[in-house]
Amino acid sequence: MKEDNSIMNMGISSLIVFLGIFFPVMFLTGFWAAFKLGFFYVMLFYVPFLPLAYSFKELSDIERGFIANILGIGYVGIYAALDIFLKIKLEFFTYSIVTILIFCISLYFYRREK
Amino acid sequence: MHLKFKVKEEYFLILFFAMALFFNLNLSKLPLSYPGNIKAADPFYHTISVESILETKQWNYYNYYLSLGTEKVINHQPPLIYTASAMLSEFSGLPAWVTLYFLICISQALFIVAVYLIALEAFGSKKIGLIAAGLCIMPMPVRFWLYGVYIGFWLQVPSYFLIMALVWLTIKYIKNQKDYLLLTMGFSIAAIFLLHIADLMIVFFEMLYVGIILLVDFFRKKDIASFVKKALLIGLFPLIALITVLPRILYVWSGLGTSMFTPGFYGFFRDAFPKEQYGGMVWPHFSFFPMAVIILFIIGMSILLFISLFYILSIFNKKIGMPGVRIEKGRLVFSIKKNENHFSYFIIFLVVAFYFASVYLSPAFFSDPYYLGGRARSLQPFFVFPVIAFVLWLGITMIEMFAMSDKNNSTLFQIFLVLAIVASSIIFSLGEYNQLADGLKGEHITETKWNAYKWIHENTKKDAKVLFFDGVFQGENVYVKRISAVMSLDNLNKFLMEYQETNKTPEVVTTAGWGGNTIREGGWKYEKSFFSYGDYYELNSTQRIDYFDYIIFENFAQEAVQINAYFASELVKKGWKPVYNDGFSIIIQK
């Protein structure tokens, strides 16, 4: 039986994206700003969509990572709809709740396809 | 113990991404304590859009100082990248000018991955993908192809990245027709809707092709459920995005961009920005590439055209063979058999040809194709380099066929040559890149200036009005975050003349512009209800000097020191109070 390493691969993929951001930024801003930019980019724009991207089985890890990035950058558009139609404030709390919600939906699709 | 390290192409791709990110960030840098990396009018209004979201916790309306005090003024900047930046600032605590520039550079660096995947999908070789990606780290000449990043076309950069992602997904869908690709394509389209809607024209032909595939599939299978599902997958997110921005499309943006879609003849040899003035950087021409790149591209497209023609003929006549070359398991194969690779070559040929036709032929069909026929030309390297990588790879495999007898060393040899090509391209561009980075060292808002602005932020009322007595470089006065105006230089000269003649300080000023005028340009709408909008206008450019609550004098040159000191002291004699003076900036209060 073929071993499923997808969870480990998701972890490695996130770490690689973090490091790919952290090192170039560190030379320009120093440690903490680079850490914060890398960490929050990965947590807000990458990780939430990674399980969904990993549910697309035919793809390579690079392709999945790329798709997670596309979805990650693209999903922020949802806040415009929340702002206009529901008059929800765009603040830390809203961003956190929506990101967690998206991660849960993404995880659901990952579990369903597994 | 025998340790064996397997060289994976993906490692190099990650390295290329990190390098591209560094080189882009390094152009304007990431100062943490003051916005010294904002160096043109456009980036000022981009970052202030993020600040507006951070301050008011919403995107829909401009805040007080951007709307010049009018309520419910429609923010006509599309929301996506600004909200992303605001979100990152909210979490990291880093300022908007850092997070926004960072996201723009991330988008530019992600082009590398997009180009790799496009080349991989089209030519079936990771090494071709690596060459293409590597050539895009510092696309030569960098002053043209990185122009969007450093001059501040900050809506186009992420939007074009998503265009490239869409191109990759389209090629993949045309080849595989998997449903999840429709979902991700829909997501990309929706994101472009919310980034810069006009850019969708670049992928018009690709979208048409996908639409035809869906329709043909429907008419062949007559399965309406499957058709609706596919239509929803690709259309649901764009529909939500469309509804969100529909009032803006109808009432605000329509006034801004209709001429871009109005049929007409713009002219092939007419540039919106004269080459003499801007060096043609806004509308970069194909001829800006080095001659070697142009020749290699023409060779590559000729090979692809040749294969594509035979591919088309072979569809109609099964007896026709497929003379040509293909890459199989990283090796060059000469073949006369039809192969699925030939279909990929046909598709990439169409994609590149469609792109070039769109950007260079649109001036023949639209009256003012500013985005499609102009700015979209900055995507040329990302369509050109995959083709060049293909040609270079053909060269590498030919060298290998004749020079290499030991197959075991083949992969290492290939990777060595790939890296040599990438390294050569970076070394070739490095000198020009360093010149560019040196040229961008000047700051519109220095730390000293920023301290004066911060004084305004912390010590003045939100509705205070500020006059910049001796002008600004390019709209940086918006960063005082109050309703601000800049006195025109003509007016300053007039002041001096009047003083020499009458020995009096004039009481009426003419402004060169109100802070944030570029962000309001073309919009000037406030919301009455969701589908009803009224007009508002810029404030009058002629005002009494006591209309302003504060006046800032900036000693930007030696001549200005005396002039500023004189006028400041004259106004103080008339009752204005000096409240801030750090040697560079003098602020007086009414």
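Residue numbers start from 1 in every chain, and the chains themselves are labelled A, B, ... in the order their sequence lines are given, proteins ahead of strands. Here the structure is a predicted model, which means the values were calculated and not measured.
Within the 4.5 Å cutoff, the side chain of B:I243 has heavy atoms near those of the A:F85 side chain. Using a 4.5 Å heavy-atom cutoff, the side chains of B:F22 and A:L28 are in contact.
For chain A, the nearby parts of B:A84 are the backbone and the side chain; heavy atoms of each come within less than 4.5 Å. Both the backbone and the side chain of B:L80 have a heavy atom closer than 4.5 Å to some heavy atom of chain A. With a threshold of 4.5 angstrom between heavy atoms, B:L110 approaches chain A through its backbone and through its side chain. Heavy atoms closer than 4.5 Å to chain A are found in the side chain of B:V98, but not in its backbone. Interface remark: B:L25 contributes backbone and side-chain atoms alike to the contact with chain A (heavy atom separation under 4.5 Å). Both the backbone and the side chain of B:A86 come within contact range of chain A, with heavy atoms under 4.5 Å apart. For B:L30, the parts sitting under 4.5 Å from any heavy atom of chain A are the backbone and the side chain alike. Contact annotation for A:F40: both backbone and side-chain heavy atoms come within less than 4.5 Å of a heavy atom of chain B. B:F91 touches chain A through backbone and side chain together, each having a heavy atom under 4.5 Å away. With a 4.5 Å cut-off on non-hydrogen atoms, B:A165 touches chain A through its backbone and its side chain both. Contact annotation for A:F49: only side-chain heavy atoms (C-beta onward) come within less than 4.5 Å of a heavy atom of chain B.
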Counting distance alone, with no hydrogens or angles, which donor-acceptor pairs between chain A and chain B are under 3.5 Å?
| from | atom 1 | to | atom 2 | distance (Å) |
| --- | --- | --- | --- | --- |
| A:K36 | NZ | B:S92 | O | 3.3 |
| A:E63 | OE2 | B:K172 | NZ | 3.1 |
| A:D83 | OD2 | B:W59 | N | 2.7 |
| A:D83 | OD2 | B:N60 | N | 2.9 |
| A:L90 | N | B:K57 | O | 2.7 |

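Checked against the 6.0 Å centroid criterion, the rings of B:F161 and A:F66 qualify as a close aromatic pair.
With rounding to the nearest 0.5 Å, the separation of CD1 in B:I240 from CD1 in A:I78 is 7.5 Å. Atom CD1 of residue B:I106 and atom CD1 of residue A:I21 lie 3.5 Å apart, to the nearest 0.5 angstrom.
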